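Everything numeric in this text was worked out from a predicted model, so none of it was measured. A note on names: the letters A, B, ... follow the listed sequences, proteins ahead of strands, and every chain is numbered from 1.
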Number of protein chains: 2
Amino acid sequence: MNILVTLDENYIPPLKVMLWSLFFNNPGCDFKVYLLHSSIPENSLRSLRRFVENNGQKLFPIQIDNNYFENAPVVMHYTKEMYYRLLAYKFLPQDMNKILYLDPDILIINSIRELYNMDISDNLFAAAFHKRVPIKEINKLRLKAYEMEEYFNSGVLLMNLELQRKEIDEGEIFKYVEKNKARLVLPDQDILNALFAKRIKALDEFKYNFDTRYYKYARLLNSKAINMEYIIKNTVILHFCGKKKPWKKNYSGKFHSLYQHYIALSQRQCLKH
Amino acid sequence: MNILVTLDENYIPPLKVMLWSLFFNNPGCDFKVYLLHSSIPENSLRSLRRFVENNGQKLFPIQIDNNYFENAPVVMHYTKEMYYRLLAYKFLPQDMNKILYLDPDILIINSIRELYNMDISDNLFAAAFHKRVPIKEINKLRLKAYEMEEYFNSGVLLMNLELQRKEIDEGEIFKYVEKNKARLVLPDQDILNALFAKRIKALDEFKYNFDTRYYKYARLLNSKAINMEYIIKNTVILHFCGKKKPWKKNYSGKFHSLYQHYIALSQRQCLKH
């Protein structure tokens, strides 16, 4: 299975935890991890490669020349790396058909196989939308993209690279960014929603992109059918969305002990393959 | 390493979770699990043995004839199984010197080796006391055992079987129970404290018997040095004390997600050895 991550050096520690949880909960699977980056130093890449290989998997770092996006517009304090996720198909091997993008603030706690093997031949992406009515309404107004049906979260993206090569036009993306600069808050997520919402297959958020902040909210919305046992057994991807992160001091949340245990395990146990 | 458990059929599901966490977090260790019981049916024992063996370890069930305790006094609704923990040395192989007793409502999340190898040659037991001043004072009065210095929790007991064979007199235990029947609340724990407190080596409760109900209390008492990261890295044994258990509906606690994940793992993954 092909896994895509795009990040800077600061996110390497949680990336290791995320990858370890993916490998551990998917025994017997071969993973090729593609890392798109602009400036991670050689020694950090070496240490990350050692980590991935000690756990029986493979890492392929791809450094992107900043000149590539010379003429692309930028948004506030965001760097041009905001484009890596949407234009990954340009930098990945040209014969690759499919890849699963994952944010580093994620734990994978069950098998990813069903997600990876999902048929997305008619869609550019598969992603989950976080169904919280007020947020959705706010975003619709903010982005002025009325054709948008849901607000998709870009932290988990199954990518149909074959179709993307045919249909996604980077010029169109740059044009949209140029025009909407002032309005974009989470640039890549906003672009994804504004330009591609109709070409995204919707994933079950409880299964593939569970926002850990909304445990209580999720229980309320679903008449308590969603309890801890249900989530731990059925959810594949826990996403620690938001500013407070479970690897930081003073974090507190329903999945804190689980995340910290995965930090400890990833530092302690090499997974033979 | 020798592990002792004593329980009835109802506790087999959490026992499996406890054992799996022990095996998983102690790779490369050989465990012999001794199960003292009175009436667990043959098919449940077979299924438990299969579970233990699939994870590369060994199970030794020892059925104790109820006639053995024919003349022993009983306390309220407790059965004679309350004696199994204190008199285990009578039923275990007579050449065994040391064994670690563990309650089933426990998760082992780090290496048990340092605990197991601890020198207890001058003590009958090693156990942790739960240092919560009011409880200690209350128990002192209730048991009228003024020589008692701390109230030890009997959920984790490292046993010096060699010395116990020489020093523990079952007659003395029965006499004490007969005399104090009306006062005993947690019989085996009360007896342990009243008769043997001075012969118990004290264990660090944060390391070897962390009461999961008291996460906040522990943080307060220890000026917040005890945080989630510290506990997950340093605590070996998490003890889910009290009536509310993490495998039951409507449980809620700091280690809920972690416990539920261990249930899922223990049902899913066989540990090769």
B/F60 CZ: over 12 foreign heavy atoms closer than 6.0 Å: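 Atom CZ in B/F60 is crowded, with more than 12 foreign heavy atoms closer than 6.0 Å.
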
More than 12 heavy atoms of other groups within 6.0 Å of A/K98 NZ: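 Yes, the 6.0 Å shell around NZ holds more than 12 heavy atoms from other groups.
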
Residues 257-267 of chain A: residues contacting chain B (heavy atom under 4.5 Å, by number):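 A/S257, A/L258, A/Q260, A/H261, A/Y262, A/A264, A/L265, A/Q267, listed by number.
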
Residue-level interface, residues 103-114 of chain A with chain B, non-hydrogen cut-off under 4.5 Å: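 Expected list: A/I109, A/N110.
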
Residues in residues 232-246 of chain B near chain A [non-hydrogen atoms, under 4.5 Å]: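 Within residues 232-246 of chain B, the residues under 4.5 Å from chain A are B/I232, B/K233.
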
Residues in residues 6-18 of chain B that sit under 4.5 Å from chain A, counting heavy atoms only: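 Against chain A, none of the residues of residues 6-18 of chain B fall inside the cut-off of heavy atoms under 4.5 Å.
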
Which of A/W247, A/Y251, A/F255 touches chain B most, by non-hydrogen pairs under 4.5 Å: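 Maximum pair count with chain B is reached by A/F255.
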
Interface moiety of A/F24 toward chain B, non-hydrogen atoms closer than 4.5 Å: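 Looking at A/F24, backbone and side chain both touch chain B.
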
Rounded distance (nearest 0.5 Å) linking atom CG of B/N227 with atom NE2 of A/H256: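 Here the rounded value is 7.0 Å.
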
A/S252 vs B/K254, side chain to side chain contact (heavy atoms under 4.5 Å, CB included): CA-CA, chis, key distance, verdict: CA-CA 9 Å; A/S252 162; B/K254 275 286 174 189; 3.3 Å; yes

